[in-house]
Chemist: 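This is the structure I want to talk about, given as structure tokens.
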Amino acid sequence: MRYVLLLLILLITAAPAAAQDADRYANLPQSVTLQGFPRVGFPSALIEVTIYGGFDSTDSAAFWAENGTRLIERAQAGEIRIVFVPLAGRGSLPGGRAAARAAICVADQGAFWRYHDLLFAWQAEFGAQAYQDQRLLDGALALGIERGRFTSCVSSTGPDTILESATGSASSSSVSALPHVMINSAPTLTDAASLEFVIDLEVQRASEQMDLQLTPQPETTDEAGDVITYAPLSGESVPPPIEITLPDGWAFAYDALVLQDIDALRPVPFALYQGPVTGGTGTIVLLWGFPNLVIANPFAGGGIQPDVWADGTRLLRLAIVEQGCNVGTDLRRIYRVGTVEAVGTQFAAVDCPELADTRGWFAGVRQFNANYIFYAFAEPIGAMNTAEAELQAILNTVVFLPPPTPAPAGE
């Protein structure tokens, strides 16, 4: 279970989650690549599926009809991100370039993927008349697109620049026929069975790499500065040695978790902060005062060095997310807590047995010889599209204080 959040139910009365949109893309982050190509999926996904397609291509529409639902399910599970590279002039239907330009312009307002589905549906419904100018406009407006922004974009050269980038990308990737699909920059067959096989293989490889980072010969250490640890009893309220400024409406609670860690049963103190953010409820969990778990390499020279990033990844799965969730994490990144540089990564937990999908990030730091890891996330999952800056603003207020009664590990 997601231990921290279950204890939260007893400690803090949470605000009700916002109702989820019926739109199948509603809880998926949407963005664009550096080249301007639309992308959907969690940033923590380690697998990227790139689709070179055209709205004038009936084969592209058939591919999406066969595989789109399953690809979206895997994006919702945090396994993949999907990138669409819009090409024009390679299919048999007229109006493909106008459709691609319109799709690029609705992407500016976060509606590309719904419009993308609509354009492909029009192929079957209207055939060669699918992409009339008025229909392209009416379809965009039906999705809630702001008319002025849309028409201004369509009349500009911005979409053409992106289409030129798409043509260049297709040339460099030796795209000959549409659709052309690449998984992590490697081309693959486009039938459903081949896609599933290759994605499953990439998911397995990513999981094995994560296991290699976390499992070999673990041992706790109090080296590297005599790390200070705490061993409170479960239910004992131990405030962390920090100062933090919470917005109006936020509440806090302190407790201790007893976790079955890799090497021992261990109590870990935590602080939990929760309150309203734009679009939902934000949560910050602080785990602190725990020993480092290091990976001992018998073939490496020198002393053993603790890694707060590895601790954060381990404790994410052990204490923060519910067992049975599909959990995805990104690469190591640098964050900020107060005025201190911290190390962490983004994460997503979806398809959990009992609790809502969520995504966020963690940031770990050692101050005054004590370890701290902050986990920041929001529910519903779509709230993170706007809440990330609000949560970071709270973390910016953190001030670390010297521990009042240090207890070196091993006492």
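Predicted, not measured: the structure shown is a model, and the values here were computed from it. Heads up: numbering here begins at 1 and tracks the sequence.
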Chemist: Is it the case that atom CZ in Phe126 sees more than 12 heavy atoms from other parts of the structure closer than 6.0 Å?
Modeler: yes
Chemist: Enumerate the residue pairs fulfilling disulfide (SG to SG under 2.5 Å) with a member in residues 63-98, sequence neighbours excluded, ordered by first and then second residue.
Modeler: none
Chemist: Applying disulfide (SG to SG under 2.5 Å) as the test, list every pair that has at least one member in residues 59-89; sequence neighbours left out.
Modeler: none
Chemist: Please list every donor-acceptor pair under 3.5 Å in which a side-chain atom of residues 135-147 meets a protein atom from a residue at least two apart or in another chain.
Modeler:
residue	atom	partner	partner atom	Å
Arg135	NH1	Gln129	O	2.5
Arg135	NH1	Ala130	O	3.3
Asp138	OD1	Gln134	NE2	2.8
Asp138	OD2	Gln134	NE2	3.4

Chemist: Just to verify, what does Arg39 make a salt bridge (charged side-chain N to carboxylate O under 4.0 Å, His left out) with, not counting sequence neighbours?
Modeler: Glu48
Chemist: Who are the side-chain hydrogen bond (donor to acceptor under 3.5 Å, both in side chains) partners of Thr69, not counting sequence neighbours?
Modeler: Arg24
Chemist: Can you list everything that forms a side-chain hydrogen bond (donor to acceptor under 3.5 Å, both in side chains) with Asp59? Sequence neighbours excluded, please.
Modeler: none
Chemist: Flag the pair Phe37 / Phe84 as yes when their ring centroid distance falls below 6.0 Å, and as no otherwise.
Modeler: no
Chemist: Which pairs count as side chain to side chain donor-acceptor pair (under 3.5 Å) when at least one residue sits in residues 170-183, sequence neighbours excluded?
Modeler: Tyr52-Ser173
Chemist: Cut-off 3.5 Å, side chains only: do Gln204 and Asp200 have a donor facing an acceptor?
Modeler: no
Chemist: Does some side-chain heavy atom of Val175 sit less than 4.5 Å from a side-chain heavy atom of Arg90?
Modeler: yes
Chemist: Listed by chain and number, what are the side-chain hydrogen bond (donor to acceptor under 3.5 Å, both in side chains) partners of Ser156, not counting sequence neighbours?
Modeler: none
Chemist: Restricting to side-chain hydrogen bond (donor to acceptor under 3.5 Å, both in side chains), what partner residues turn up for Ser165, sequence neighbours left out?
Modeler: none
Chemist: Do you see a donor-acceptor pair shorter than 3.5 Å between the side chains of Thr278 and Glu390?
Modeler: yes
Chemist: Can you list the residues that meet the salt bridge (charged side-chain N to carboxylate O under 4.0 Å, His left out) rule with Asp133, with sequence neighbours excluded?
Modeler: none
Chemist: Going by the rule salt bridge (charged side-chain N to carboxylate O under 4.0 Å, His left out), which residues pair with Arg70 if we only count those two or more places apart in sequence or in a different chain?
Modeler: Glu73, Glu196
Chemist: For residues Asp191 and Ser194, is any side-chain donor paired with an opposing acceptor at under 3.5 Å?
Modeler: yes
Chemist: Using the disulfide (SG to SG under 2.5 Å) rule, collect all pairs that involve residues 105-141, keeping only residues at least two apart or in two chains.
Modeler: Cys105-Cys153
